[in-house]
Amino acid sequence: MTDKDRQTSSGFEEIGELVDYKRFSRRGLLKGAAAMGAAAALGPIASACGGDDTSSDATSTAAAEGSPTKGGDLMVGIVGGSAKDTADPHTGSFEPDIAIQYIMYEGLTSWDWDMQVQNLLAETIEPNADASVWQIKLRDGMVWHDGKPITADDVVFSMERIVDPKDPKVGVATLTGVGPGSTKKVDDLTVEITLKEPNVILDEALAERSCKIVPVGFDPKNPIGSGPFKMVEMKPGEQFKWEAFADYWDTPPYVDTLTMIEYADDTARINALQSGQIHAMSQLPKSQAKVIEATDGLALLNAETGGWRPFTMRIDAKPYSDVRVRQAFRLIVDRQQMIDQAYSGLGAPANDMYGRYDAGTPDLPQREQDIEQAKSLLKQAGYDNNLTVELVTSEGALGGDEVAAAQVFAEQAKAAGVTVNIKKTDASVFYGDDYLSWPFAQDFWATRSFLQQASQGTMPDAPYNETHWENAEWLSLVQQAFKTVDDAERAALVAQAQEIEFNEGGYIVWAWRNQVDAHSTTTTGYKLDKLGGPIGRMYFKDVYFVKG
């Protein structure tokens with residue numbers, strides 16, 4: 001069968017139906033770039049690009065002995081999508097889209113398994129003295145899946161496609177300082193990006209999964225990437241299939257083919273894994289972790305991450321406009337109890353600050369539950385055992401774990417004289433027209449540095465300032481940090497900004513959430529990803545079948 005025949009028979013013709021509709025709700029366009037790991041069938045997810053670090057501490061060691069073996073057809077079950085699944089790496093927001101982005105596309109940089117930025121397609125990436133101009137040189141000898149060389153023209157095309165003001169893609173929210181015409185070709189392997197304002201973390205932004213590089217003239221109807229797997233079949237809402245790319249610039253995959261099958265619910269994925277229909281599955285419900293661990297032939301992928309699922313309080317809406325109420329709500333939470341009950345213990349207490357692995361995160365005392373202090377603060381704010389609030393959540397958008405967390409919070413709040421009425425919505429409502437308007441709600445975020453997170457969620461012009469956070473002193477520190485090249489000086493600025501949010505912010509960041517997946521012990525080589533991507537950030541290049 002020729003490539004043309006394979007494409008015609010494989011389902012590529014179905015992709016054409018996906019590229020002309022308006023792909024994004026406000027949530028899909030904006031939040032898709034910023035979050036990763038929603039467990040629900042309709043939950044958008046996101047995160048940074050896959051890396052190539054193969055250190056042993058990042059790798060599942062289940063049943064692995066001897067040298068990796070070549071060959072085999074790997075079958076993976078993921079959270080189901082719909083007929084709107086897309087192969088466009090600059091637009092997708094749901095788990096099938098993200099899987100496609102990680103498997104067959106690559107960025108200039110990526111995150112390694114210890115959350116350090118590393119070069120990927122880029123051989124070098126260097127800023128000038130004030131980080132206002134960045135020069136990027138590509139590795140030589142890399143080719144696209146169709147055999148054409150990867151060049152600077154492709155980088156320029158990709159960046160212009162992302163920041164096109166007439167049709168901005170998801171990554172535009174990440175590429176602070178990059179605008180139309182910012183990226184110029186220097187030679188066949190070199191580009192220069194001149195920013196509208198300095199950005200010392202542009203290399204981090206380029207690692208976001210929404211900033212993948214695609215070839216000039218990229219057509220989502222016939223998707224071409226540079227990753228270790230080449231797509232041969234796409235059936236939106238059903239399954240996708242790839243074959244190993246023999247001419248991949250780095251070590252090619254061990255398996256011959258990779259097939260990802262979409263399942264509508266958790267039970268179906270678990271049953272498929274237990275019956276041997278698939279070799280790995282994403283988004284294992286945490287309540288099932290002990291069952292998997294106790295089952296011969298199955299293994300857990302339990303990755304500690306910097307991912308977080310906050311309660312969000314709008315600081316411009318009553319009663320949360322009173323900082324004493326926000327402080328009281330943070331003191332209501334028994335974090336370990338919530339982790340034990342909602343996450344089956346698979347998480348770690350957080351301290352109302354994001355950026356778990358950020359060098360600038362200050363070492364402040366862990367905030368503990370203090371009901372008496374919470375009641376005192378509420379009384380000062382005018383609420384004496386008589387405050388009733390509505391908490392908006394969604395099993396469809398956030399998963400059952402987060403609904404369980406909402407229920408635990410509601411029980412804990414009773415001790416402080418607060419009645420919490422939980423409003424459950426479906427995904428289309430939760431992330432519909434009222435998203436970013438809920439006075440008190442929940443959400444999900446992936447691991448990232450403080451500054452990158454601030455640009456997504458807390459700066460005044462951030463795409464999802466869901467707490468409506470606005471603080472002049474904080475903003476001045478953050479803007480200065482974006483321009484500060486010295487690492488120690490920048491960390492000090494970040495620490496000051498984080499402390500302001502710790503004292504006055506609108507987030508309840510109560511836990512760092514483990515990413516929990518599962519696989520058959522007939523396969524190994526999966527990664528434990530601090531970034532929080534399902535099944536080790538969908539990184540299957542190093543997965544192989546264990547000899548029987």
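These numbers come from a predicted model, not from an experiment.
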query: So, F218 versus F157, ring centres under 6.0 angstrom or not?
result: no
- request: List the steps and the verdict of side chain to side chain contact (heavy atoms under 4.5 Å, CB included) for E95 and Q283.
  value: CA-CA 10 Å; E95 181 161 315; Q283 310 290 3; 3.2 Å; yes
- prompt: Roughly how far apart are H468 NE2 and L436 CG, rounded to 0.5 Å?
  reply: 6.0 Å
query: D542 and K527: salt bridge (charged side-chain N to carboxylate O under 4.0 Å, His left out), yes or no, with the steps?
result: CA-CA 9 Å; D542 295 338; K527 305 299 183 183; 3.4 Å; yes
field: Rounded distance [0.5 Å steps], CZ in F502 versus CZ in R330
entry: 7.5 Å
field: M159 and V178: CA distance, side-chain angles, deciding distance, side chain to side chain contact (heavy atoms under 4.5 Å, CB included) verdict
entry: CA-CA 8 Å; M159 300 298 284; V178 181; 4.2 Å; yes
task: Could you check Q366 against E368 for side chain to side chain contact (heavy atoms under 4.5 Å, CB included), going step by step and ending with a plain yes or no?
output: CA-CA 6 Å; Q366 174 65 50; E368 304 285 354; 3.5 Å; yes
Intermediate values then yes/no, side-chain hydrogen bond (donor to acceptor under 3.5 Å, both in side chains), T174 and Q456: CA-CA 7 Å; T174 293; Q456 297 289 327; 3.0 Å; yes
E192/K184 salt bridge by N-O under 4.0 Å criterion: no
field: E304, CD: over 12 other non-hydrogen atoms inside 6.0 angstrom
entry: no
message: Can you tell me how far apart NE2 (H90) and NZ (K212) are? Round to the nearest 0.5 Å.
response: 9.5 Å
message: Is there a ring pair (Phe, Tyr, Trp, His ring centres under 6.0 Å) between F329 and F311? Walk through the geometry before answering.
response: CA-CA 10 Å; F329 272 43; F311 293 93; 9.3 Å; no
message: Quiz question: by atom type and distance under 3.5 Å, do the side chains of D322 and Y383 form a donor-acceptor pair?
response: no
- prompt: V429 versus S394: any side-chain heavy-atom pair under 4.5 Å?
  reply: no
- prompt: How many angstroms lie between atom CG of L451 and atom OG1 of T176, to the nearest 0.5 angstrom?
  reply: 9.5 Å
task: Assess the pair Y539 and W113: is the distance between their ring centroids shorter than 6.0 Å?
output: yes
task: May I ask you to check whether over 12 heavy atoms, not counting those of E470, lie within 6.0 Å of atom CD?
output: no
- prompt: Can you find a side-chain donor-acceptor pair between W474 and E501 that sits under 3.5 Å?
  reply: yes
task: Hey, could you give me the CG/NZ distance between L377 and K375, rounded to the nearest 0.5 Å?
output: 12.5 Å
message: Working note: Y354 + F450, criterion ring pair (Phe, Tyr, Trp, His ring centres under 6.0 Å); need CA distance, chi angles, decisive distance, verdict.
response: CA-CA 6 Å; Y354 44 82; F450 172 82; 5.3 Å; yes
task: Please lay out, stage by stage, how E466 and T312 fare under the test side-chain hydrogen bond (donor to acceptor under 3.5 Å, both in side chains).
output: CA-CA 7 Å; E466 54 202 342; T312 63; 5.1 Å; no
query: Do I125 and L108 have side chains that get closer than 4.5 Å, going by heavy atoms?
result: no
Short N-O contact, R335 and D352, less than 4.0 angstrom: yes
message: Show, in sequence, the C-alpha distance, side-chain angles and deciding distance for D164 and R161, and conclude whether the salt bridge (charged side-chain N to carboxylate O under 4.0 Å, His left out) test is met.
response: CA-CA 5 Å; D164 181 358; R161 187 174 191 263; over 6 Å; no
message: Is the distance from the ring center of F409 to that of W510 below 6.0 Å?
response: no
message: side-chain hydrogen bond (donor to acceptor under 3.5 Å, both in side chains), that's the test. Do T393 and Q442 meet it? Break it down for me.
response: CA-CA 6 Å; T393 188; Q442 292 173 280; 2.6 Å; yes
query: Does NZ or CZ of R314 fall inside the cone over W469's six-membered ring, less than 6.0 Å from its centre and within 45° of the axis?
result: no
message: Is a donor from one side chain sitting under 3.5 angstrom from an acceptor on the other, for Q101 and D97?
response: no
message: Could you tell me if E106 and S110 have a donor-acceptor pair between their side chains, going purely by distance under 3.5 Å?
response: no
message: Whether R537 engages the ring of Y526 as a cation-pi pair (distance to the six-membered ring centre under 6.0 angstrom, angle to the ring normal within 45°) should be assessed.
response: no
- prompt: So do I500 and E473 actually touch side chain to side chain, heavy atoms under 4.5 Å?
  reply: yes
query: Between the side chains of Q337 and Q412, is a donor N or O closer than 3.5 angstrom to an acceptor N or O?
result: yes
- prompt: Mind checking whether N128 and W134 have side chains closer than 4.5 Å, heavy atoms only?
  reply: no
task: Might you work through the side chain to side chain contact (heavy atoms under 4.5 Å, CB included) test for S321 and D316, ending with a clear yes or no?
output: CA-CA 5 Å; S321 53; D316 61 345; 5.8 Å; no
query: Does the ring pair (Phe, Tyr, Trp, His ring centres under 6.0 Å) test come out yes or no for W308 and F444, once each step is laid out?
result: CA-CA 6 Å; W308 47 294; F444 63 88; over 10 Å; no
- prompt: What's the spacing between R139 CZ and N119 CG if we round to 0.5 Å?
  reply: 6.5 Å
Verdict with reasoning, K185 to D153, per salt bridge (charged side-chain N to carboxylate O under 4.0 Å, His left out): CA-CA 7 Å; K185 175 180 177 180; D153 292 320; 3.3 Å; yes
- request: State, with a plain yes or no, whether a side-chain heavy atom of D140 is found less than 4.5 Å away from one of W249.
  value: no
task: Please assess S132 against D130 for the test side-chain hydrogen bond (donor to acceptor under 3.5 Å, both in side chains), listing each intermediate value before the final yes or no.
output: CA-CA 6 Å; S132 63; D130 68 352; 2.6 Å; yes
Donor-acceptor contact present, side-chain R356 to main-chain T447, <3.5 Å: no
message: Consider side-chain contact (heavy atoms from CB on, under 4.5 Å). Of V418, L378, L387, which one does P319 pass it with?
response: L387
- prompt: Any idea which heavy atoms bring V494 and A481 closest together, and the distance?
  reply: CG2-CB, 4.4 Å
field: Quiz item: cation-pi between R513 and Y343, 6.0 Å / 45°
entry: yes
- prompt: Do the side chains of W144 and D154 get nearer than 4.5 Å, heavy atoms only?
  reply: yes
- request: Flag the pair F540 / Y102 as yes when their ring centroid distance falls below 6.0 Å, and as no otherwise.
  value: no
query: Any chance the side chains of E489 and T484 put a donor and an acceptor closer than 3.5 Å?
result: no
field: Side-chain donor-acceptor contact under 3.5 Å, D517 with Q515
entry: yes
- prompt: Can you tell if the side chain of M538 reaches within under 4.5 Å of the side chain of I78, non-hydrogen atoms only?
  reply: yes
query: Going by atom types alone, do D187 and T190 pair a side-chain donor with an acceptor below 3.5 Å?
result: yes
query: Would you say I339 and P349 make side-chain contact, with heavy atoms under 4.5 Å?
result: yes
